[in-house]
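Here the structure comes first, spelled out in C-alpha cells, and everything after it is commentary.
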Amino acid sequence: IAVNCGLNFPVTNDAGAEEFLRTMKGRPVFIGMQAEGREWVKLFSKETVAKFDYVFSDAMTFRDDSGRRMRLWIKDEVGEITDQQAFMEMYVNRILAMLNNEPIDIYANPTFLPEVIAADYDRLWTPERMQKVVDAAKQNDVAIEINNRYRLPSAAFIKMAKKAGAKFACGTNNGDRNLGRIEYCVQ
C-alpha cells in the first residue's frame with residue numbers, strides 16, 4: 001500500500017507521512033512511498049523516508065530546460081513538442097538524474113511518453129537511450145517496473161535490462177480499483 005508524497009499531493013511533509021505510517025501500523029502489508037515530482041527529496045527527511053518499506057517514483061513530473069514544471073500525462077502541460085529529439089535528450093537526462101540522485105527502490109512508469117509523441121515510442125526510445133537508463137538503474141540498484149496499465153517499457157527495453165541483470169517490479173499505476181492481473185508483466 002502506497003501513499004502519494006510530494007508537492008501538491010495528499011502528503012507533503014514528514015508529519016503527513018508519519019501520520020500515514022501510524023494508520024498502517026500493525027497491518028500485514030508492505031508500506032510504500034510514491035515519491036512525486038523531483039521536489040519530494042526536499043520535502044521529506046531521510047529518517048522519515050527510511051521508515052517506508054520501499055520508495056518508488058517515475059520521471060513523469062519534472063521541470064523542463066526553461067524551468068516550467070511539467071506533468072507528462074497532462075496534455076496541456078506538455079503542449080507541443082516541436083523538437084522530439086531535443087525533448088528526448090532532456091527527458092533521458094531527467095530520468096538519469098532521478099535514478100542517480102534520488103533514494104528510490106523502483107522506477108515506475110518507465111519510458112512513458114506524453115500523448116503527443118507516444119506513437120513514435122520505438123523511434124524515440126533508441127537503443128542508446130534505453131541503455132543509458134538501464135545502466136543507471138542497474139548501477140543504483142533500482143528495480144524497473146513492468147507497468148500493466150501503460151504496457152511499459154517495451155519488450156526491447158525489458159530484454160536489454162534483463163541482459164544487464166536489472167531487477168524488475170510488476171505494477172499498474174492504477175487510477176481506480178481495477179488493478180488488473182499484471183498480464184503485461186507475465187507476457
Side-chain angles (χ1 to χ4, degrees), residues 2-12 16 32-43 55-102 104 106-130 132-134 136-137 142-158 160-161 169-185 187:
V3 63
N4 294 76
C5 298
L7 184 66
N8 300 322
F9 281 91
V11 175
T12 59
M33 171 186 270
Q34 182 169 351
E36 300 283 1
R38 309 294 40 98
E39 308 88 356
W40 78 272
V41 293
K42 295 177 183 168
L43 300 175
V55 178
F56 63 100
S57 191
D58 58 43
M60 293 169 59
T61 303
F62 60 85
R63 295 196 182 277
D64 67 12
D65 288 341
S66 68
R68 178 176 57 109
R69 191 167 192 264
M70 176 186 308
R71 293 175 291 179
L72 296 184
W73 70 96
I74 301 175
K75 192 174 185 176
D76 290 343
E77 288 189 19
V78 173
E80 293 299 316
I81 297 177
T82 55
D83 187 337
Q84 293 180 348
Q85 297 303 323
F87 173 84
M88 287 302 295
E89 291 305 310
M90 176 193 63
Y91 184 37
V92 169
N93 286 334
R94 296 308 185 275
I95 294 168
L96 297 177
M98 178 191 69
L99 292 171
N100 289 325
N101 301 310
E102 295 181 19
I104 63 171
I106 301 169
Y107 167 33
N109 303 310
T111 70
F112 179 91
L113 290 179
E115 182 182 334
V116 67
I117 61 172
D120 293 321
Y121 181 98
D122 290 327
R123 181 177 61 79
L124 295 171
W125 274 108
T126 63
E128 296 79 19
R129 288 177 178 139
M130 291 189 292
K132 286 179 183 180
V133 172
V134 166
V142 174
I144 298 165
E145 178 188 62
I146 299 176
N147 185 288
N148 198 62
R149 177 180 180 195
Y150 292 128
R151 300 182 61 81
L152 293 173
S154 66
F157 185 100
I158 293 168
M160 182 182 286
C170 299
T172 61
N173 194 23
N174 61 300
D176 55 28
R177 291 183 172 269
N178 181 13
L179 299 176
R181 301 190 54 82
I182 64 167
E183 300 88 350
Y184 183 64
C185 191
Q187 177 189 0

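Position 1 is the first residue of the sequence, and the numbers go up from there.
How far CD1 of Ile104 is from CH2 of Trp40: 7.5 Å, rounded to the nearest 0.5 Å. Here the straight-line distance linking atom CE of Met60 with atom CG of Asn109 works out to 5.0 Å at 0.5 Å rounding. Atom CG of residue Leu96 and atom CG of residue Asn101 lie 10.0 Å apart, to the nearest 0.5 angstrom.
The shortest distance between side-chain heavy atoms of Tyr184 and Arg149 does not fall below 4.5 Å. Side-chain contact between Phe112 and Asn147 is absent, with no heavy atoms from C-beta onward closer than 4.5 Å. In this structure the side chain of Ile95 reaches within 4.5 angstrom of the side chain of Tyr107, judged on heavy atoms. Taking 4.5 Å as the limit, some side-chain heavy atom of Gln85 sits within range of a side-chain heavy atom of Arg123. With contacts defined as side-chain heavy-atom distances shorter than 4.5 Å, the pair Asn148/Glu183 qualifies. Under the 4.5 Å side-chain criterion, counting only non-hydrogen atoms from C-beta, Met98 is not in contact with Val142. Leu72 has its side chain out of reach of Leu113: every pair of non-hydrogen atoms, C-beta onward, lies at least 4.5 Å apart. Side-chain atoms of Arg69 and Asn8, non-hydrogen and from C-beta on, do get closer than 4.5 Å to each other.
Counting only residues at least two apart or in different chains, salt bridge (charged side-chain N to carboxylate O under 4.0 Å, His left out) contacts with residues 78-91 comprise Glu89-Arg129.
Salt-bridge formation is not detected for the pair Glu77/Arg68: no Lys NZ or Arg NE/NH1/NH2 atom is positioned less than 4.0 Å from an Asp or Glu carboxylate oxygen.
Smallest separation of non-hydrogen atoms from Asp58 and Arg38: O-NH1, 2.8 Å. Across Ala136 and Leu99, no two heavy atoms sit closer than the pair CB-CD1, 3.9 Å.
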Any chance you could lay out the side chain to side chain contact (heavy atoms under 4.5 Å, CB included) test for Trp73 and Glu115, step after step, and finish with the verdict?
-> CA-CA 7 Å; Trp73 70 96; Glu115 182 182 334; over 6 Å; no
Give the C-alpha distance, both sets of side-chain angles, the deciding distance and a yes or no for side-chain hydrogen bond (donor to acceptor under 3.5 Å, both in side chains) between Tyr121 and Thr111.
-> CA-CA 9 Å; Tyr121 181 98; Thr111 70; 2.5 Å; yes
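Not one N or O on the side chain of Asn4 forms a donor-acceptor pair closer than 3.5 Å with the backbone of Gln34. Here the side chain of Glu145 pairs no donor or acceptor atom with the backbone of Ala169 at under 3.5 angstrom. The main-chain N or O of Arg63 is found under 3.5 Å from a side-chain atom of Arg94 such that the two form a donor-acceptor pair. Remark: the backbone N or O of Ala35 is paired with a side-chain donor or acceptor of Ser57 at under 3.5 angstrom.
Scored by the ring pair (Phe, Tyr, Trp, His ring centres under 6.0 Å) test, Tyr91 finds Phe62, Phe87 as partners (sequence neighbours excluded).
If you run side chain to side chain contact (heavy atoms under 4.5 Å, CB included) between Pro110 and each of Val133, Ile144, Ile146, only Ile144 comes through.
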